[in-house]
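One-based numbering, in listed order, for ligands and for the atoms of each.
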Amino acid sequence: MSIGIFDSGIGGLTVFKEVAENFPKADIYYLGDTARVPYGNKSKETIVRYSIECATYLYHNFNVDVLIIACNTASSYALETLKKILPIPVIGVVRPGAEAAVKYTKNKKVGVIGTVATVRSNSYEKELKNIDPSLEIYQKPCPLFVPLVEEGWIDNEIARLTVKEYLQELIDKGIDTLILGCTHYPLLKNTIKSLYPNINIVDSSIAIVDHIKSLNIEFNGSGKREIFITDESHAFDNFRKLLIGDAKTKKIELSDLCSL
Ligand code: DGL
């Protein structure tokens with residue numbers, strides 16, 4: 001059994017890392033669309049089109065048995081479409097993140113941070129309210145977190161100031177739980193924790209592992225790991241080394257995606 005994972009770029013490696021550690025026997029194929037990142041400031045139509053291209057590439061080339069949409073933005077807009085067009089389980093990060101937040105919160109005040117597109121889609125709010133309509137939800141797009149993380153500025157003064165600038169308003173609303181609704185944000189987790197130690201932090205890369213476990217699929221492949229990107233990227237190389245060491249990365253042509 002094999003797992004396909006795609007993201008707009010590097011951030012989904014946070015998901016790849018957790019999935020690879022928890023399912024060592026699964027063959028895992030990762031596609032990072034580094035040529036077209038970011039998705040988070042694009043229109044719904046574009047996000048859905050890019051997502052279909054990434055998903056069908058993994059499905060047609062590697063016959064993956066399960067597809068994980070690691071990207072929160074793609075999960076927010078393309079999950080239903082991909083579920084319809086692919087004959088395999090397709091899992092997005094939004095539902096698992098929402099479920100984890102509902103388990104953590106005591107005062108029922110939950111903060112959600114993500115890209116502009118994810119917040120605009122209200123995907124987390126809808127899932128959270130489906131689970132518990134009495135929740136109070138406060139959302140905030142944090143677009144500067146993505147370039148900060150890509151620059152490797154995850155625990156310096158600029159990172160701390162940016163975190164405070166974005167999050168203080170949610171903290172002032174009294175949230176006790178914060179969903180990191182973007183693949184890059186788990187890299188800022190320690191900085192967020194150091195500034196706001198009493199907040200429960202939901203990392204969707206961890207939440208998704210519990211979700212896959214609940215499917216009770218037996219992954220008994222050879223533990224193959226293959227990573228594909230659509231363009232060269234220093235940020236990707238740095239991120240990959242930081243998260244998963246020296247796994248090989250292959251560049252594919254964007255036209256290989258688009259022709260499917
Ligand atoms: N992967 C995206 C997400 O999780 C963040 C980067 C982007 O904007 O493409 O929403």
Side-chain angles (χ1 to χ4, degrees), residues 4-19 30-55 58 67-79 82 90-98 100-101 111-127 139-154 162 166 178-189 192 201-208 211 227-231 233-236 238-240 243 254 257:
I5 303 176
F6 83 86
D7 178 46
S8 56
I10 63 178
L13 288 175
T14 53
V15 175
F16 177 95
K17 178 176 184 283
E18 290 300 327
V19 174
Y30 179 92
L31 173 60
D33 193 4
T34 42
R36 302 188 292 193
V37 70
Y39 285 11
N41 57 8
K42 302 221 162 44
S43 67
K44 177 180 176 180
E45 291 68 32
T46 302
I47 295 164
V48 172
R49 179 161 54 86
Y50 289 177
S51 301
I52 292 173
E53 289 167 1
C54 291
L58 289 170
L67 181 78
I68 298 172
I69 312 175
C71 177
N72 289 257
T73 307
S75 297
S76 298
Y77 289 97
L79 177 65
L82 294 183
V90 180
I91 305 167
V93 279
V94 175
R95 177 78 193 190
V112 178
I113 54 175
T115 63
V116 170
T118 295
V119 169
R120 195 180 55 211
S121 75
N122 282 323
S123 57
Y124 275 101
E125 176 153 13
K126 284 181 212 149
E127 286 293 356
Q139 303 192 79
K140 177 96 182 164
C142 304
L144 285 183
F145 284 177
V146 169
L148 265 185
V149 167
E150 295 202 354
E151 193 61 31
W153 291 1
I154 52 179
T162 314
Y166 280 134
L178 178 69
I179 298 179
L180 306 182
C182 173
T183 46
H184 287 60
Y185 301 177
L187 273 292
L188 287 165
K189 196 155 62 175
I192 298 173
I201 295 179
V202 177
D203 174 344
S204 36
S205 61
I206 294 174
I208 202 154
H211 194 83
I227 298 176
F228 302 91
I229 50 175
T230 49
D231 201 2
S233 156
H234 282 304
F236 190 93
N238 293 340
F239 216 68
R240 178 179 49 71
L243 284 168
L254 209 47
L257 292 188

inquiry  = Show, in sequence, the C-alpha distance, side-chain angles and deciding distance for I113 and F145, and conclude whether the side chain to side chain contact (heavy atoms under 4.5 Å, CB included) test is met.
reply    = CA-CA 10 Å; I113 54 175; F145 284 177; 4.0 Å; yes
request  = Determine, stepwise, if the pair R36 / L257 fulfils side chain to side chain contact (heavy atoms under 4.5 Å, CB included).
outcome  = CA-CA 12 Å; R36 302 188 292 193; L257 292 188; 3.6 Å; yes
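Protein heavy atom closest to atom 6 (C) of ligand 1, with residue, atom name and distance, is S8 OG, 3.6 Å. In this structure, atom 5 (C) of ligand 1 lies nearest to the protein heavy atom C182 SG, 3.4 Å. Counting only heavy atoms of the protein, atom 8 (O) of ligand 1 lies nearest to G40 N, 2.8 Å. The protein heavy atom nearest to atom 10 (O) of ligand 1 is T73 OG1, 2.6 Å.
Taking each of I10, N72, V93, V116 in turn, the one with a heavy atom nearest to atom 3 (C) of ligand 1 proves to be N72.
For ligand 1, the atoms lying closer than 4.0 Å to a non-hydrogen atom of T115 are 5 (C), 8 (O), 10 (O). Atom numbering of ligand 1 starts at 1 in the shown order; those under 4.0 Å from a heavy atom of D7 are 1 (N). Less than 4.0 angstrom separates some heavy atom of V37 from each of these atoms of ligand 1: 9 (O).
A side-chain hydrogen bond (donor to acceptor under 3.5 Å, both in side chains) with Y39 is found for exactly one of D7, T115, D33, namely D33. Screening L79, N72, V93, V94 against S123 for a side-chain contact (heavy atoms from CB on, under 4.5 Å) leaves a single residue, V94.
Using cut-offs of 30° and 60° for the angle between ring planes, the Y30 and F236 rings count as tilted.
A donor-acceptor pair is defined here as one N or O able to donate and one able to accept, closer than 3.5 Å; no such pair exists between the side chain of K42 and the backbone of A117.
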